[in-house]
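Indexing begins at 1, ligand by ligand and atom by atom, following the structure's order.
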Amino acid sequence: MVQLVVGGAQMGPIQHADSRQVVVARMIALLEAAAARGVEMLVYPELALTTFFPRWYMEDEAEIDAFFEREMPNGATAPLFERARALGVAITFGYAELTPEGRRFNTSILTDRAGAIVGKYRKIHLPGHSEYDPERTHQHLEKRYFEPGDLGFRVWRNAGVVMGMAICNDRRWPETYRCLGLQGVELVTIGYNTPSANGQQSSEGLEKRLFHSDLSLQAGAYQNATYVVGVAKAGIEDGHPLMGGSIIVDPDGFVLARAATEEDELILAACDFDKCAFGKTTIFDFARHRRTEHYSRITAQTGMQVEV
Ligand code: CDT
């Protein structure tokens, strides 16, 4: 029987002027609160160390690189790893990664309960655009600052559980969960930064955006018989609102815990990973029921083609 208390460390806003040290101190406070409540695996948001900088158009390479980490752990984040190790809590968080070759990725890492990095994921579905768009109410320049991830969707057995990572916009794509589901995933962790309003459609408000987030996370969990944890960075960053709505979802698609604020807030749920087995061996027993002979379009074709 594999059971784990899983936590989501939703983070409130991080302003441009906030140092990594200030942010890491907040992450450690959440970690300590989580450990005190029995959390054994804690999930932080996407790009957890900085403000959501893709909202700004930048050309200066040095200005861009200031948001990126050249190594992980590094001087600023080492205290977080150290505290997680001391408390025996596995963690995952997102950050902007600058590789030694000068490549930039939107990345998340996974540690074991001894504070060692056991997994790395680089965001595959990058939303937004690469050039300044005057038609939008706010910019979303992820395609400018990041390359699509090159590591695929992988899983790792960590603390006895098959874990996989995805980042923000990945949660809207069924392919994400299915690639992980085909590897037997039991816990999918997904940090996000989602603006509270749609920069291209003013009628789309917070309620619809929260619904779409829930819908995606709950469907991904149910259709792959896995726990899913979605964790926001929320609140008003440098005048720009990000939505909250962090949730923990069980393998039936039910929400076990939900954040109520747009601030630093802990959610948690005791997860019994044996509960993943029922769906994986019945309605979503992939080996018995999938019909791959009819799925070739999924990988052969990217955009929609209307052929009638
Ligand atoms: N960070 C991130 O991927 N955010 C996107 C915003 C989509 S609107 C360009 C999301 O899917 O939540």
Side-chain angles (χ1 to χ4, degrees), residues 8-14 16 23 43-58 64 67-68 92-97 104-109 121-149 151 153 165-177 188-220 228-238 240-247 249 258-259 262:
Q10 178 174 290
M11 296 179 71
I14 298 173
H16 191 182
V23 174
V43 183
Y44 293 96
E46 171 191 36
L47 298 174
L49 303 176
T50 65
T51 196
F52 188 66
F53 62 89
R55 72 169 66 91
W56 292 310
Y57 179 80
M58 295 177 279
I64 297 167
F67 292 100
F68 283 73
T92 173
F93 68 89
Y95 63 97
E97 176 190 11
R104 297 186 180 115
F105 296 101
N106 186 340
T107 296
S108 61
I109 52 94
Y121 169 72
R122 291 170 170 160
K123 186 175 182 179
I124 286 173
H125 298 102
L126 296 173
H129 49 114
S130 53
E131 295 302 328
Y132 186 81
D133 181 354
E135 302 295 319
R136 293 175 187 247
T137 57
H138 53 265
Q139 304 298 298
H140 198 108
L141 290 154
E142 286 195 59
K143 281 183 162 53
R144 181 176 188 84
Y145 300 127
F146 303 115
E147 289 180 45
L151 301 176
F153 293 106
M165 292 180 277
I167 299 179
C168 196
N169 190 263
D170 289 321
R171 77 191 188 283
R172 306 185 191 278
W173 299 89
E175 295 87 343
T176 298
Y177 305 92
V188 181
T189 63
I190 309 179
Y192 61 88
N193 285 255
T194 298
S196 304
N198 187 321
Q200 294 172 290
Q201 189 188 61
S202 58
S203 62
E204 185 178 296
L206 179 60
E207 189 183 352
K208 191 193 279 187
R209 288 168 88 77
L210 285 166
F211 169 69
H212 287 161
S213 184
D214 285 0
L215 183 68
S216 304
L217 296 167
Q218 291 179 255
V228 174
V229 185
V231 178
K233 177 144 66 60
I236 299 177
E237 287 192 341
D238 299 311
H240 296 269
L242 297 171
M243 68 179 218
S246 304
I247 54 174
V249 186
R258 180 186 294 277
E262 293 185 346

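- Among all protein heavy atoms, the one lying closest to atom 3 (O) of ligand 1 is K123 NZ, 2.7 Å.
- For F52, every heavy-atom contact with ligand 1 shorter than 4.0 Å involves the side chain, none the backbone.
- At least one test fails for R104 against the ring of F146: distance under 6.0 Å to the centre or angle within 45° of the axis.
- Between N193 and H240, every side-chain heavy-atom pair lies at or beyond the 4.5 Å cut-off.
- The atoms of ligand 1 that sit less than 4.0 Å from any heavy atom of C168 are 1 (N), 2 (C), 3 (O), 4 (N), 5 (C), 10 (C), 12 (O).
- Polar contact check, R172 against ligand 1: a nitrogen or oxygen pair lies under 3.5 Å apart.
- Backbone and side-chain nitrogen or oxygen atoms of R136 are examined, and none is located within less than 3.5 angstrom of a nitrogen or oxygen of ligand 1.
- Neither the backbone nor the side chain of H125 comes within 4.0 Å of ligand 1, counting heavy atoms alone.
- Listed for the Y44 side chain is no donor-acceptor partner under 3.5 Å among the backbone atoms of L49.
- Side-chain contact, Y177 with R171: no donor N or O sits under 3.5 Å from an acceptor N or O.
- What you find for F67 and A96 is that their closest heavy atoms are O-CB, 3.5 Å.
- Distance from atom 6 (C) of ligand 1 to its nearest protein heavy atom, with residue and atom name: H140 CE1, 3.5 Å.
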